[in-house]
Amino acid sequence: MTTAAAPPTTTRARVAELTAALITRWQEGYLNDRPGDVAALARLRRGAGRDAGDVPDLWGLVDTGALHTRTDSLRPLSEQELVRAENAVYAALTLWALHQQSRGSRMHRPSRQGRQSAGLGAAVRRLMPAGGIDEAVRKRLVRAGTAPDLVGLAQRLRDIVVLLRRADIPLDYGLLAGQLYAWQWPDGPSAVRREWGRSFHAWQPAAPSDGTHPNPPTDTDKDAS
């Protein structure tokens with residue numbers, strides 16, 4: 001009998017792609033004040049840091065049908081894969097909704113070739129002063145990395161997301177969703193921690209010439225509750 005030691009790469013990619021696609025649609029609607037998307041974000045936000053099964057209101061809101069799609073190029077996912085994939089999508093979407101709240105710019109920023117990472121490690125590094133390490137902030141990332149399960153991880157990430165929102169620092173939520181999926185597999189937490197560490201150390205601050213914050217906060221009163 002064999003036990004899967006790592007998540008299937010193609011499934012992780014599907015999780016990342018689905019999450020990014022859902023967020024992109026809601027994000028554009030939210031920034032354009034479309035009532036349905038503003039309301040969807042408020043519903044999603046209530047699930048941040050909670051188990052997906054504990055928030056029935058989200059079951060009919062998040063369409064995970066793409067994970068069930070079977071084509072010549074996409075094999076059907078096992079029950080274990082589906083559960084972990086859906087949990088990762090829910091967790092990432094709800095964290096993004098919390099992040100996007102009252103922000104006038106896009107808090108989901110896809111990573112692109114030739115541009116610095118928008119991963120979690122880099123985002124946390126951006127919270128710190130150029131050339132220095134804020135130990136309190138660093139310990140939040142370390143603490144997230146030692147979470148006992150996905151719900152515990154989402155709860156600890158929630159605290160980090162609040163800090164990122166205040167500083168108007170975006171995050172690649174497709175990438176994060178894939179990492180949340182990987183986290184749930186044997187040896188997954190250690191692999192994800194390494195990804196966060198590489199992202200943290202690879203980010204290079206570029207201070208603006210006028211000494212101001214490169215991403216000044218843009219609070220709105222759209223949904224400040």
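Since the model is a prediction, treat every value here as computed from it, not as a measurement. The analysis underlying the following values was restricted to heavy atoms, covering all of them including side chains, and did not include hydrogens, waters or symmetry mates.
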On a heavy-atom basis, which atom in [X] and which in [Y] lie closest, and how many Å separate them?
| X | Y | result |
| --- | --- | --- |
| Ala118 | Ser111 | N-OG, 3.2 Å |
| Ala182 | Val192 | CB-CG2, 4.0 Å |
| Met107 | Ile169 | SD-O, 4.0 Å |
| Gly145 | Trp183 | O-CH2, 3.1 Å |
| Leu180 | Ala91 | CD1-CB, 3.7 Å |
| Ser199 | Ala122 | OG-N, 2.8 Å |

Using the six-membered ring wherever Trp is involved, compare the ring planes of Tyr173 and His99 and label them parallel, tilted or perpendicular (cut-offs 30° and 60°).
-> perpendicular
Should [X] and [Y] count as side-chain neighbours, where that means a heavy-atom distance under 4.5 Å?
| X | Y | answer |
| --- | --- | --- |
| Arg156 | Arg140 | no |
| Leu41 | Trp26 | no |
| Asp134 | Leu127 | no |
| Gln80 | Trp185 | yes |
| Thr94 | Arg45 | no |
| Trp59 | Thr64 | no |
| Leu120 | Leu157 | yes |
| Arg165 | Leu171 | no |

Please report the C-alpha distance between Arg106 and Tyr30 in whole Å, then the side-chain angles of each, then the deciding distance to 0.1 Å, and finally whether the side-chain contact (heavy atoms from CB on, under 4.5 Å) criterion is met.
-> CA-CA 10 Å; Arg106 295 171 180 82; Tyr30 176 79; over 6 Å; no
Tell me whether [X] is salt-bridged to [Y], with the criterion being a basic N under 4.0 Å from an acidic carboxylate O.
| X | Y | value |
| --- | --- | --- |
| Arg103 | Asp168 | yes |
| Arg34 | Glu28 | no |
| Glu81 | Arg14 | no |

Tell me whether [Y] is reachable from [X] by hopping between hydrophobic residues (I, L, V, M, F, W, Y) whose side-chain heavy atoms are closer than 4.5 Å.
| X | Y | answer |
| --- | --- | --- |
| Val83 | Val55 | no |
| Tyr90 | Leu67 | yes |
| Phe200 | Val142 | no |
| Leu175 | Tyr181 | no |
| Val151 | Val62 | no |

When you measure from the side chain of Thr24 to the backbone N and O of Ala21, does any donor-acceptor pair fall under 3.5 Å?
-> no
Can you tell me if Thr146 uses its side chain to pair, donor with acceptor, with the backbone of Arg143 under 3.5 Å?
-> yes
So how far is it from [X] [atom1] to [Y] [atom2], rounded to the nearest 0.5 Å?
| X | Y | atom1 | atom2 | result |
| --- | --- | --- | --- | --- |
| Leu163 | Leu141 | CG | CG | 11.5 Å |
| Leu164 | Asp159 | CG | CG | 11.0 Å |
| Leu58 | Leu93 | CG | CG | 9.0 Å |
| Asp37 | Gln27 | CG | CD | 11.0 Å |

Check step by step if side-chain contact (heavy atoms from CB on, under 4.5 Å) holds for Gln100 and Leu31.
-> CA-CA 9 Å; Gln100 188 65 59; Leu31 294 175; 3.7 Å; yes
The complete set of salt bridge (Lys or Arg N to Asp or Glu O under 4.0 Å) pairs with one or both residues in residues 47-69, sequence neighbours excluded, reads Arg43-Asp57, Arg46-Asp57
Contact list for residues 188-199, test salt bridge (Lys or Arg N to Asp or Glu O under 4.0 Å), sequence neighbours left out = Arg12-Glu195
Just jot down the ring-ring contact (aromatic ring centres under 6.0 Å, His included) partners of His108, sequence neighbours excluded, or say none.
-> none
Go through the steps to decide whether Arg84 and Leu150 satisfy the test side-chain contact (heavy atoms from CB on, under 4.5 Å), and finish with yes or no.
-> CA-CA 9 Å; Arg84 291 175 173 176; Leu150 184 63; over 6 Å; no
Residues, nucleotides or ligands: over 12 heavy atoms within 6.0 Å of Arg138 CZ | yes
